[in-house]
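Here the structure is laid out as structure tokens; the discussion comes afterwards.
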Amino acid sequence: MTELWLVIAAALGTYAWRALGVVFSGRVRTDSEFFQWISCVTYAMVAGLVFRIVMLPVGLLAQIPLWARLLCLAVALVIMVWPYRPFRGLFPGLIAGSSLMTVMGWYYL
Amino acid sequence: MSAHDPDPGPTPFASPRAAFREGVWVALGAPAVVLFAGMVGFGALSQSVGMSFWSSVASSALIYALPGQIVMAEMFAVGASGLLVSLAAALTAARFLPMMLTVIPQIPAEHRTGRLFLMAHLVAMTSWAIAVRSFPRLAPQDRQPYFFGFGLVCWAVCTPGTALGYLMAGHVPGPLTLALVFLNPLFFLLSFTEVRPTGFRLAIVAGAVLGPLSYLVSPSYSLIVSGLIGGSLAYAVQRLRQRTTIQDPS
């Protein structure tokens with residue numbers, strides 16, 4: 001029961017950031033330099049988080065060696081930007097990357 | 001009208017309802033699959049660390065931010081106690097503040113009502129990625145209904161995903177759980193290839209380098225450091241480039 005209250009507390013804390021964003025966004029114009037800058041900051045933050053998860057994972061992913069994680073990523077990326085149809089794009093990339101990761105898991109887990 | 005687009009403008013949808021429906025359709029592809037898979041992974045994780053079913057499901061519906069939820073589950077696993085857990089989870093959500101600042105200003109002023117506070121809860125990594133990618137291609141008046149379309153789908157698949165993962169935990173082979181966990185970062189890395197403006201691309205590269213490095217130094221400040229330093233650096237470089245080269249396409 002306490003656990004559920006802690007979840008609710010974390011939810012309120014999380015929502016506070018979202019609400020704060022709404023409050024502050026009122027004065028921001030899309031054609032302003034501030035908007036360009038905050039967009040750069042956000043992209044860098046999201047990329048930082050995502051690459052941290054891949055490079056320095058915690059939990060299950062940490063049991064797969066770094067080269068194997070990077071290989072799965074590289075294969076998916078190549079398929080994503082592959083210039084010839086039909087084996088290109090988001091879905092084929094996701095399927096290839098996660099299938100390869102399943103194979104790695106078979107071997108390393 | 002505070003938000004005006006530099007380009008002549010995309011053709012608007014016939015009605016807000018049509019924009020909403022289009023948003024639903026967009027989300028029902030890869031985004032819903034990836035979120036669902038990620039939440040199945042989280043459900044399985046939360047079961048394995050001994051969280052209760054209802055806390056696990058409630059966290060997906062109410063927190064609705066996977067990194068924070070995972071931090072929470074991991075802290076429960078190591079026996080961290082009380083409000084410290086909630087505080088740590090809430091701190092990882094600081095990214096939502098700048099994320100909101102990049103999305104909301106693109107909504108026209110007449111749509112900025114109390115509804116924005118409802119919309120705010122639907123902003124997570126995936127829906128943010130869809131929003132920043134699709135908003136410039138939409139007529140301003142279509143953006144909010146379109147957002148509610150995909151935002152609600154993304155949010156709605158999370159609770160059943162978590163419940164399924166929780167109930168299946170222990171019955172799913174390790175390699176499959178691994179693939180589910182990997183789908184989320186993979187989705188974002190692949191979507192980064194669709195980001196066109198040079199400044200934003202530089203920001204992604206800078207963040208990619210600084211994210212892991214700053215995490216080695218200080219895990220708790222990693223996000224803020226990589227965002228502020230990497231983003232500002234990218235912004236500065238882009239400004240300099242614009243000044244030196246006159247016909248820069250972006």
Which heavy atom of [X] sits nearest to which heavy atom of [Y], and what is that distance?
X        : Y         : answer
Tyr43(A) : Ala203(B) : CB-CB, 4.0 Å
Ala90(B) : Ala10(A)  : CB-O, 4.3 Å
Val50(A) : Met125(B) : CG2-CE, 4.1 Å
Ser98(A) : Ala179(B) : O-CB, 3.5 Å
Gly48(A) : Ser226(B) : CA-OG, 4.3 Å
Thr14(A) : Ala89(B)  : OG1-O, 4.4 Å

Counting only non-hydrogen atoms closer than 4.5 Å, does [X] touch chain B with its backbone (N, CA, C, O), its side chain (CB onward), both, or neither?
X         : answer
Val22(A)  : both
Leu12(A)  : neither
Arg27(A)  : neither
Val46(A)  : both
Leu109(A) : side chain

Taking a cut-off of under 4.5 angstrom between non-hydrogen atoms, the residues of residues 32-42 of chain A near chain B are Glu33(A), Phe34(A), Phe35(A), Gln36(A), Trp37(A), Ile38(A), Ser39(A), Cys40(A), Val41(A), Thr42(A)
Heavy-atom proximity to chain A below 4.5 Å, by part of [X]:
X         : answer
Val225(B) : neither
Thr177(B) : both
Val209(B) : neither
Thr193(B) : side chain
Val33(B)  : side chain
Ala206(B) : neither
Met72(B)  : side chain

Can you find a heavy atom in the side chain of [X] that is under 4.5 Å from one in the side chain of [Y]?
X         : Y        : value
Leu6(A)   : Phe76(B) : yes
Tyr15(A)  : Phe96(B) : no
Phe187(B) : Leu90(A) : yes
Pro67(B)  : Leu49(A) : yes
Phe182(B) : Leu60(A) : no
Met100(B) : Ser25(A) : no
Trp54(B)  : Val7(A)  : no
Pro98(B)  : Met45(A) : yes

If you count heavy-atom pairs within less than 4.5 Å of chain A, which of [options] leads?
options                                  : result
Gly211(B), Gly174(B), Gly227(B)          : Gly227(B)
Ala129(B), Pro212(B), Gly41(B)           : Pro212(B)
Pro173(B), Ser86(B), Ser56(B)            : Ser86(B)
Trp128(B), Tyr64(B), Phe117(B)           : Phe117(B)
Ile229(B), Leu62(B), Ile70(B), Leu178(B) : Leu178(B)
Gln69(B), Met119(B), Arg239(B)           : Arg239(B)

First locate atom [atom1] of [X], then atom [atom2] of [Y], and finally report the distance between them rounded to the nearest 0.5 Å.
X         : Y         : atom1 : atom2 : answer
Phe51(A)  : Leu213(B) : CZ    : CG    : 12.5 Å
Phe91(A)  : Leu190(B) : CZ    : CG    : 12.0 Å
Arg52(A)  : Leu216(B) : CZ    : CG    : 10.5 Å
Phe192(B) : Leu77(A)  : CZ    : CG    : 11.0 Å
Ser191(B) : Met80(A)  : OG    : CE    : 6.5 Å

Picking from [options], which has the most non-hydrogen pairs under 4.5 angstrom with chain B?
options                               : answer
Ala16(A), Gly105(A), Ala44(A)         : Ala44(A)
Ala9(A), Gly13(A), Ala11(A), Pro57(A) : Ala11(A)
Leu56(A), Leu20(A), Leu94(A)          : Leu94(A)

Pair Thr30(A), Gln106(B) - check side chain to side chain donor-acceptor pair (under 3.5 Å), show working. CA-CA 6 Å; Thr30(A) 47; Gln106(B) 302 193 54; over 6 Å; no
What residue pairs, at least two apart or across chains, pass salt bridge (charged side-chain N to carboxylate O under 4.0 Å, His left out) with a residue in residues 121-133 of chain B?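 Sorted pair list: Arg133(B)-Glu194(B).
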Donor-acceptor pair, Arg18(A) side chain versus Val123(B) backbone, under 3.5 Å? yes
Check the pair Val54(A), Phe188(B) against side chain to side chain contact (heavy atoms under 4.5 Å, CB included), reporting the backbone distance first and the verdict last. CA-CA 11 Å; Val54(A) 175; Phe188(B) 281 98; over 6 Å; no
Counting only heavy atoms not in Trp155(B), do more than 12 fall under 6.0 Å of its CH2?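 Counting other residues, nucleotides and ligands, CH2 of Trp155(B) stays at 12 neighbours or fewer.
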